[in-house]
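The basis for the numbers below is simple: all heavy atoms, side chains too, and nothing from hydrogens, waters or symmetry mates. These numbers come from a predicted model, not from an experiment. Sequence positions, counted from 1, serve as the residue numbers for this chain.
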Amino acid sequence: MASTYNSIKVELIGSGDQAGAWGSTTNTNLGTALTEAITGSTDVVFASADVTLTLSNTNLTQPARHLRLNLTGVSGGARNLIVPAIQKQYLIKNNLADAITVKNSSGTGIAVPSGSTIGVFNDATNVVASFTSAYASVNGLTMATARILGRTTASTGAAEEITVGSGLSLTAGTLTATGGITAGQSISYALVFGI
């Protein structure tokens with residue numbers, strides 16, 4: 001029985017095949033194919049055109065198998081990175097001057113803005129965001145121990161930690177200055193929950 005390959009092109013040795021030589025195939029599967037899929041990082045170079053990554057029946061190194069794809073080169077406008085239509089997770093770092101849409105041949109994909117890194121999941125039909133939210137609704141929630149990591153632009157600009165109840169209140173999703181904050185200061189913030 002001849003070898004076959006799974007979706008990420010790890011060689012599956014046929015029963016009874018490669019007598020006395022299967023160790024080399026196994027080492028390549030573990031040391032190259034699986035390592036690339038789990039922790040591998042590779043550059044994908046653009047040259048003012050879309051880039052298509054493919055997979056072939058070999059357990060030798062292949063860019064489409066890597067977990068992290070570092071987009072480099074010259075985009076020359078918004079471009080597509082077309083990946084094989086298999087179920088696979090990717091971390092995309094876009095070092096190009098333009099947004100790059102990561103997609104497979106049948107899907108619409110997801111745009112990765114210039115200078116951004118995002119996680120995407122190829123479900124074999126389309127490429128979608130690995131997760132769609134990293135925040136929680138706070139409407140009506142008493143946040144007595146929540147902290148706000150913020151920075152006031154009218155102050156020193158140093159990172160500050162402001163505790164709800166000491167100058168700020170958070171109700172119905174609205175951040176309100178209640179004291180301790182000078183009028184006219186703008187605050188950028190991220191919630192750190194300690195409920």
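No side-chain N or O of Lys9 forms a donor-acceptor pair with one of Asn59 less than 3.5 Å apart. Using a 3.5 Å distance cut-off with no hydrogens or angles, the side chains of Thr28 and Glu11 do not pair a donor with an acceptor. A donor-acceptor contact closer than 3.5 angstrom links the side chains of Asn95 and Asn70.
Checked by atom type and distance alone, the side chain of Arg65 pairs as donor or acceptor with a backbone atom of Leu60 at under 3.5 Å. Proximity of a side-chain donor or acceptor of Asn104 to a complementary backbone N or O of Pro84 within less than 3.5 Å is not detected. Side-chain atoms of Ser114 come within 3.5 Å of backbone atoms of Leu96 as a donor-acceptor pair (strictly under, hydrogens ignored). One N or O on the side chain of Gln62 and one on the backbone of Ser56 form a donor-acceptor pair closer than 3.5 Å. Remark: the backbone N or O of Gln87 is not paired with any side-chain donor or acceptor of Asn122 at under 3.5 angstrom. Remark: side-chain polar atoms of Arg68 are not paired, donor with acceptor, to backbone N or O of Gly40 under 3.5 angstrom.
With values rounded to the nearest 0.5 angstrom, Lys93 atom NZ is found 10.5 Å from Ser41 atom OG. Rounded to the nearest 0.5 angstrom, Ser106 OG and Ile82 CD1 are separated by 11.0 Å. Remark: Ile92 CD1 to Leu71 CG distance equals 6.0 Å, nearest 0.5 Å. Note that CD of Gln89 is 7.0 Å distant from CG of Leu67, once rounded to the nearest 0.5 Å. Here CG of Asn29 is found 7.5 Å from CG of Leu12. Values are rounded to the nearest 0.5 Å. Rounded to the nearest 0.5 Å, atoms CG (Leu81) and CG (Asp50) are 9.0 Å apart.
Both Leu30 and Val10 are part of a single hydrophobic cluster, where members link through side-chain heavy atoms under 4.5 Å apart. Under the 4.5 Å side-chain heavy-atom criterion for grouping Ile, Leu, Val, Met, Phe, Trp and Tyr, Ile110 is connected to Leu69 within one hydrophobic cluster. Under the 4.5 Å side-chain heavy-atom criterion for Ile, Leu, Val, Met, Phe, Trp and Tyr, Phe46 and Val83 are members of the same hydrophobic cluster. Linking ILVMFWY residues whenever their side-chain heavy atoms come closer than 4.5 Å, directly or via other members, leaves Ile118 and Phe121 in distinct clusters.
Summarising the geometry of Ser75 relative to Ala97, their closest heavy-atom pair is OG-N, 3.8 Å, with the distance given to 0.1 Å. Between Gly76 and Asp98, the shortest heavy-atom distance links the atoms N-OD2, 3.8 Å. For the residue pair Tyr90 and Ala64, the shortest heavy atom distance occurs at OH-O, 2.6 Å. Here the closest non-hydrogen pair linking Asp123 and Asn126 is OD1-N, 2.6 Å.
Looking only at side-chain heavy atoms (C-beta outward), Val128 and Val120 stay at 4.5 Å or farther from each other.
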Ser24 and Gln18: CA distance, side-chain angles, deciding distance, side chain to side chain contact (heavy atoms under 4.5 Å, CB included) verdict
CA-CA 9 Å; Ser24 178; Gln18 299 188 26; over 6 Å; no
Determine whether Thr26 and Ile13 satisfy the following criterion, side chain to side chain contact (heavy atoms under 4.5 Å, CB included), listing intermediate values before the conclusion.
CA-CA 9 Å; Thr26 300; Ile13 302 169; 4.1 Å; yes
With side chain to side chain contact (heavy atoms under 4.5 Å, CB included) as the test, would you mind laying out the steps for Leu53 and Val51 before giving the verdict?
CA-CA 7 Å; Leu53 299 180; Val51 172; 4.2 Å; yes
Is there a side chain to side chain contact (heavy atoms under 4.5 Å, CB included) between Ile8 and Lys88? Walk through the geometry before answering.
CA-CA 8 Å; Ile8 61 169; Lys88 176 137 181 29; 4.1 Å; yes
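Residue Tyr5 belongs to no hydrophobic cluster, having no ILVMFWY side-chain heavy atom closer than 4.5 Å to its own.
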